[in-house]
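Each chain gets a letter, A, B and so on, in the order the sequences are listed, and its residues count up from 1. These numbers come from the heavy atoms of this one structure, side chains and all, not from hydrogens, waters or symmetry mates.
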Amino acid sequence: MPELPEVETVRRGLAPFMEGALIHEVKLARGDLRFPFPPDFARTVAGRQIVALSRRAKYLLVNLEGDLTIISHLGMSGSFRIDEGDADSTPGEFHHRRSKDAAHDHVTFLLERASRPVRVIYNDPRRFGFMLLSKTSELDSFPAFAALGPEPTGNLLSAAYLAERFRGRKQPLKSALLDQRTVAGLGNIYVCEALHRARLAPTRAAASVVTPTGRPTRALDSLAHDIRVVIAEAIEAGGSSLRDHIRTDGSLGYFQHRFRVYDREGEPCPTEGCRGIVKRIVQSGRSTFFCPVCQK
DNA sequence: AAGGGAGCCTGGCGGC
DNA sequence: TGCCGCCAGGCTCCCT
C-alpha cells in the first residue's frame, strides 16, 4: 500500500481521533510483526497522552508525552482503522469487513479522547510493517532516519540537490529514485509516474541528467518539479488504493485513476501527441512502467 | 563500492 | 471448481 502520499493520508485520517487522546491500553495479538515489538511496548506506552501525529518519509510517528515516539511503518499491506464507541453498534458493512480481516488485526490502541472511547486498530496481512520506540529527542539518530533524503513536499527538493546526488552514478534513474537516501518517501508507483511526467527513461543512467560541471540539465529541473507535483497531487487525492483500503474510515484514495503509466501496460501513452504504448520491464526485481517513445 | 537478487509473509488473480 | 504459479505499494542483508 503505502508510499509517502498513502502514509500522509493515514496520518491525516488518524490525527483527529488520536491527537490529544490518552492511551488507556495497548493490546498486541502477537509478539512480532516484521520485527519483535520492543520489550514492554504496551506497558511503556499505556497511560501517556498523544501529543501529535507526524510523518517522516513512509514512517508514521506517534509522538507521546514524556519524550517517547512510536515509529510505525506499514510495510506493504499495513492499515489503520478507527472504531468509535461500542464494538457492538458498528454498522453491518463495517462489521463485515472487520470480521473478514480480524485474523490480521495485530495491535489495538484503546484511547480516550474528550471523554469518549476510541479504538485504533492496526491490521497487516503480510506483516512487513513494524512498530518501534524511540526517545523523541533522539529520533534523528534512528538508523533508518539518519541517511534519509529530503521530503518531496514543499520546496526542499531541488534539482541542484539531485544533480549532486546523481553526479558520476551509473545506476538507472529508477533505482536511484527508489533509494530513500535520494528522496524520502518515493516508491515504485510515484517514481514511475514522475519519470513519465519528466519524459525520462527509467533505464537512463542517473549521471546522464547532470552536466559535466555537476549542474542539473533541463530534464533534471523538470524531474525535480514533477516529483513534487505528483506527490502533492496524490496527497490531495487521498493516495492510491490498489488492492487495499488505505483510509482510516475504510474509504479509498482515488489517485490510482490518475496513473499515467503505472499498471497500464499495453495502454496508449497519455502524453499529448505521443503514439507510444506503455511498456512493463523489470528493474532490480521490480516492475517499471514507462513509455518507450516519449521517455528518453 | 555500487548494484543486483533473495528473503521476509499472505492473499488475490489469471491460466490451465 | 481447484490447484499452481506469479505478482504485489518496502526494506535489509548478502553477494559479486
Could you tell me the separation between the [atom1] atom of [X] and the [atom2] atom of [N], rounded to a whole number of Å?
| X | N | atom1 | atom2 | answer |
| --- | --- | --- | --- | --- |
| A:Leu148 | C:dC11 | CG | C1' | 12 Å |
| A:Asn188 | C:dA8 | CG | P | 8 Å |
| A:Glu265 | B:dG14 | CD | P | 14 Å |
| A:Leu178 | C:dG9 | CG | P | 10 Å |
| A:Tyr59 | C:dT12 | OH | C1' | 10 Å |
| A:Arg127 | C:dG9 | CZ | P | 20 Å |
| A:Gln180 | C:dG9 | CD | P | 14 Å |
| A:Asp105 | B:dT10 | CG | P | 16 Å |

Residues clustering with [X] (ILVMFWY side chains joined when closer than 4.5 Å, directly or via others):
| X | answer |
| --- | --- |
| A:Leu156 | none |
| A:Phe290 | A:Ile281 |
| A:Val293 | none |

Inset, instruction - Using the C1' atom on both, measure C:dC11 against B:dG12 and round to a whole Å. - result: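 These two C1' atoms come out 23 Å apart once rounded.
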
Legend entry - Intra- and interstrand pairs of DNA chain C - dot-bracket, Watson-Crick/G-U under 3.5 Å, | marks other strand: .|||||||.|||||||

Looking at [options], which one has an atom nearest to any side-chain atom of [X]?
| X | options | result |
| --- | --- | --- |
| A:Ala144 | C:dG10, B:dG11, C:dT12 | C:dT12 |
| A:Glu3 | C:dG10, C:dC11, B:dG11 | C:dG10 |
| A:Glu6 | C:dG9, C:dG10, C:dT12 | C:dG9 |
| A:Arg286 | B:dG3, C:dC11, C:dG9 | C:dG9 |

Inset, instruction - Determine, for A:Asp32 against A:Arg30, whether the closest basic-nitrogen to carboxylate-oxygen distance falls under 4.0 angstrom. - result: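 Yes, A:Asp32 and A:Arg30 are salt-bridged.
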
Inset, instruction - Inspect the contact between A:Arg260 and A:Glu193 and indicate whether a charged nitrogen and a carboxylate oxygen are less than 4.0 angstrom apart. - result: no

Are [X] and [N] close enough that a side-chain N or O sits under 4.0 Å from OP1 or OP2?
| X | N | value |
| --- | --- | --- |
| A:His104 | B:dT10 | no |
| A:Ser77 | B:dG11 | no |
| A:Lys58 | C:dC11 | yes |
| A:Arg280 | C:dA8 | yes |

Legend entry - Residues in salt bridge (charged side-chain N to carboxylate O under 4.0 Å, His left out) contact with A:Arg264, at least two apart in sequence or another chain: A:Glu267

Legend entry - Residue pairs, two or more places apart or on separate chains, that pass ring-ring contact (aromatic ring centres under 6.0 Å, His included) and touch residues 158-194 of chain A: A:Tyr190-A:Phe255

Inset, instruction - Hey, could you give me each pair passing ring-ring contact (aromatic ring centres under 6.0 Å, His included) that has a residue in residues 28-60 of chain A? Not counting sequence neighbours. - result: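 Those involving residues 28-60 of chain A are A:Phe35-A:Phe130, A:Phe37-A:Phe41, A:Tyr59-A:His73, A:Tyr59-A:Phe145.
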
Inset, instruction - Please confirm whether any donor atom in the side chain of A:Arg126 sits under 3.5 Å from an acceptor in the base of B:dC9, or the reverse. - result: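 Indeed, a donor on one side and an acceptor on the other fall under 3.5 Å apart.
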
Legend entry - C:dC11 pyrimidine/purine six-ring stacking with A:Phe128, under 5.5 Å and 30°: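 No, aromatic ring not over the base.
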
Using a cut-off of under 3.5 Å, enumerate the N/O to N/O pairs linking the protein to nucleotides 4-7 of chain B.
| unit_1 | atom_1 | unit_2 | atom_2 | d |
| --- | --- | --- | --- | --- |
| B:dG4 | OP2 | A:Ser284 | OG | 3.4 |

Under 3.5 Å, side-chain donor or acceptor atoms of residues 19-29 of chain A against the rest of the protein: list the pairs with distances, not counting sequence neighbours.
| unit_1 | atom_1 | unit_2 | atom_2 | d |
| --- | --- | --- | --- | --- |
| A:Glu19 | OE2 | A:Leu53 | N | 2.8 |
| A:His24 | NE2 | A:Glu112 | OE1 | 2.8 |

Inset, instruction - Would you mind classifying the nucleic acid contact of A:Tyr262 as base, sugar-phosphate or nothing, using non-hydrogen atoms under 4.0 angstrom? - result: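 If one applies the 4.0 Å heavy-atom cut-off, A:Tyr262 turns out to touch the sugar-phosphate alone, with no base involved.
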
Inset, instruction - Consider only side-chain N and O atoms of A:Thr108 and A:Arg119, and report whether a donor and an acceptor are under 3.5 Å apart. - result: no

